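Some notes on the structure that comes next.
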Amino acid sequence: EEQIEKFCNFSKAYYFELQPFQKFLACFIFLKYKEDDSLVFDEFFLYMARGAGKNGFVSALSNYLISDLHGIPFYSVSIVANSQDQAMTSFNEIYNIIDLHEDLQNEFKHQKQKIASLDTKAEIKFHTSNAATKDGGRQGMIIYDEVHQYENTEIVDVFSGGLGKVKHSREFFIGTDGFLRDCFIDKLKQRARNILDRNVPLEDDSLFPFLCCIDSEDEMTDYDMWEKANPTLGMVKRYSYLEQQVDKARSSAVDRSFVFSKDFNFKQSTA
């Protein structure tokens, strides 16, 4: 409970006030067994539409986890994506937040290649998903961004090899729903469904799936249903710009006889 409150307060002070679904996620991130202080969930699958705040959430979380507030020495974070630009999305956000707050500059040394806590000696680095050039390292948390672009498990296998050397290590898989089928994300979705359908006991799989999507193809063209895929839509005023962009896209889709897909990509209907 103390870690949950600290993280929520940290995000509010320097990033943004967490929305209810994000606070819900935070509860399970820090959930531990009383018997041995181990994590109940050490893998997290955040699957939701574009603009839902996935990167912003992991930015605030990453910055918190390397800090003295979290309090675990050498709890380093690796952000992995297919392209350098995507891998740097959260990294640059954290860099800029530290750059804007003098008190954070007393706690973190922020450079263009890494961000480090002066107290815990933990670091945040970004990586592109070229498995041939990487080794396991000693990460506390690994964030796999845009997992719908992963063709196989190769990069996950390489980076996950560095886990377990630091207390309470975690992995985050974040993405929407791309165009690659029978690849990494489809297998991850099936794994998540098995958990949600209670086909797998909790003690056999420590993945926490958080899946936001419409329930049927009929809902693709129903604007009121889109919040199922993007829980930030309509929540507070600060997301009004997002609603405006989505509304413009909706109008374009209607005008051009397009259909709306779950990951906010439009493609011409063949019907």
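Residue numbers run from 1 in the order of the sequence given. Keep in mind that this is a model prediction, so the values were computed, not measured.
No salt bridge links Asp145 with Lys54; every basic N to acidic carboxylate O contact stays at or beyond 4.0 Å.
Closest of all the heavy-atom pairs between Ile94 and Ile115 is CG2-CD1, 3.6 Å. Contact record, Ile185 with Val147: CB-O, 4.0 Å, taken as the closest heavy-atom pair. Gly53 and Gln22 get closest at one heavy-atom pair: O-NE2, 4.1 Å. Across all non-hydrogen atoms, the minimal contact from Ala229 to Met48 is O-CB, 3.5 Å. Between Cys8 and Leu18, the closest heavy-atom pair is SG-CD1, 3.8 Å. Taking every heavy atom of both residues into account, Leu211 and Ala192 meet most closely at CD1-CB, 4.0 Å.
A donor-acceptor contact shorter than 3.5 Å is absent between the side chain of Ser169 and the backbone of Met141. In this structure a side-chain-to-backbone donor-acceptor pair under 3.5 Å is present from Asn152 to Glu154. A distance-only check finds no donor-acceptor pair linking the side chain of Gln86 to the backbone of Ser83 [under 3.5 Å]. No donor-acceptor pair closer than 3.5 Å links the side chain of Glu219 to the backbone N or O of Trp226. In terms of modelled atom types and a separation under 3.5 Å, the side chain of Asn96 and the main chain of Asn92 share a donor-acceptor contact. When atom types are taken as modelled, the side chain of Gln105 and the backbone of Ile98 share a donor-acceptor pair closer than 3.5 angstrom. The closest donor-acceptor contact from the side chain of Tyr75 to the backbone of Leu65 lies at 3.5 Å or more, if one exists at all.
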Self-check item: Derivation of the side-chain hydrogen bond (donor to acceptor under 3.5 Å, both in side chains) call for Asp119 and Ser117
Solution: CA-CA 5 Å; Asp119 289 316; Ser117 167; 5.1 Å; no
Quiz prompt | Worked verdict on Val40 versus Phe28 for side chain to side chain contact (heavy atoms under 4.5 Å, CB included) | solution = CA-CA 8 Å; Val40 176; Phe28 293 94; over 6 Å; no
Exercise. List the steps, then state whether side chain to side chain contact (heavy atoms under 4.5 Å, CB included) holds for Lys23 with Glu17.
Key: CA-CA 9 Å; Lys23 293 180 180 179; Glu17 184 169 4; 4.2 Å; yes
Quiz item: So Ile174 and Phe57, side chain to side chain contact (heavy atoms under 4.5 Å, CB included) or not? Walk me through it.
Solution: CA-CA 11 Å; Ile174 64 176; Phe57 180 75; over 6 Å; no
Practice problem: Apply side chain to side chain contact (heavy atoms under 4.5 Å, CB included) to the pair Ile29 and Phe172, showing each step before the final yes or no. | Solution: CA-CA 10 Å; Ile29 291 171; Phe172 270 76; 3.7 Å; yes
Exercise. Evaluate side-chain hydrogen bond (donor to acceptor under 3.5 Å, both in side chains) for Glu93 paired with Tyr15, printing each intermediate quantity in order.
Key: CA-CA 9 Å; Glu93 182 174 15; Tyr15 287 84; over 6 Å; no
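Heavy-atom neighbours of Gln111 CD from other residues, nucleotides or ligands within 6.0 Å: above the threshold of 12. Within a 6.0 Å radius of CD in Gln190, more than 12 heavy atoms belonging to other residues, nucleotides or ligands are found. Enclosure of atom CD in Glu203 by more than 12 non-hydrogen atoms of other residues, nucleotides or ligands within 6.0 angstrom is indicated.
Atom CD1 of Ile195 sits about 8.0 Å away from atom CZ of Phe41, to the nearest 0.5 Å. Atom OH of Tyr144 is separated from atom CD of Glu43 by 8.5 Å, given to the nearest 0.5 angstrom. Going from atom OG of Ser90 over to atom CD1 of Ile143 covers 6.0 Å, rounded to the nearest 0.5 Å. From Gln3, atom CD reaches atom NE2 of His70 across 5.0 Å, with rounding to the nearest 0.5 Å. Between Asn55 atom CG and Leu46 atom CG the span is 10.0 Å, to the nearest 0.5 Å. Remark: His148 NE2 to Thr176 OG1 distance equals 4.0 Å, nearest 0.5 Å.
The shortest side-chain heavy-atom distance between Gln19 and Pro231 does not fall under the 4.5 Å cut-off. Taking 4.5 Å as the limit, some side-chain heavy atom of Gln113 sits within range of a side-chain heavy atom of Phe126. Cys213 has its side chain out of reach of Asp177: every pair of non-hydrogen atoms, C-beta onward, lies at least 4.5 Å apart. The shortest side-chain heavy-atom distance between Val156 and Glu171 falls under the 4.5 Å cut-off.
Residues Leu69 and Ile4 fall within the same hydrophobic cluster, defined by Ile, Leu, Val, Met, Phe, Trp and Tyr side chains chained together at heavy-atom separations under 4.5 Å. Using a 4.5 Å cut-off between side-chain heavy atoms of Ile, Leu, Val, Met, Phe, Trp and Tyr, with links allowed through other members, Leu31 and Phe208 fall into the same hydrophobic cluster. No continuous path of ILVMFWY side-chain contacts below 4.5 Å connects Ile66 to Phe74, so the two sit in separate hydrophobic clusters. In the hydrophobic cluster analysis, where Ile, Leu, Val, Met, Phe, Trp and Tyr join through side-chain heavy atoms closer than 4.5 angstrom, Phe10 is grouped together with Leu25. With hydrophobic clusters built from ILVMFWY side chains whose heavy atoms lie under 4.5 angstrom apart, Met225 does not share a cluster with Phe21.
Shown here are the side chain to side chain contact (heavy atoms under 4.5 Å, CB included) partners of Asn106, two or more places apart in sequence or in another chain: there are none. Not counting sequence neighbours, the partners of Phe45 by the ring pair (Phe, Tyr, Trp, His ring centres under 6.0 Å) test are Tyr47. Applying the ring pair (Phe, Tyr, Trp, His ring centres under 6.0 Å) test to Tyr95 and every residue at least two apart in sequence or in another chain returns His110.
Under the 30°/60° scheme for interplanar angles, the aromatic rings of Phe30 and Phe7 are found to be tilted.
In this structure, a donor-acceptor pair under 3.5 Å is present between the side chains of Ser38 and Asp36.
Screening Asp197, Asp205, Asp204, Asp186 against Arg191 for a salt bridge (Lys or Arg N to Asp or Glu O under 4.0 Å) leaves a single residue, Asp205. Shown are Phe184, Phe159, Phe210; of these, the ring-ring contact (aromatic ring centres under 6.0 Å, His included) with Phe173 is made only by Phe184.
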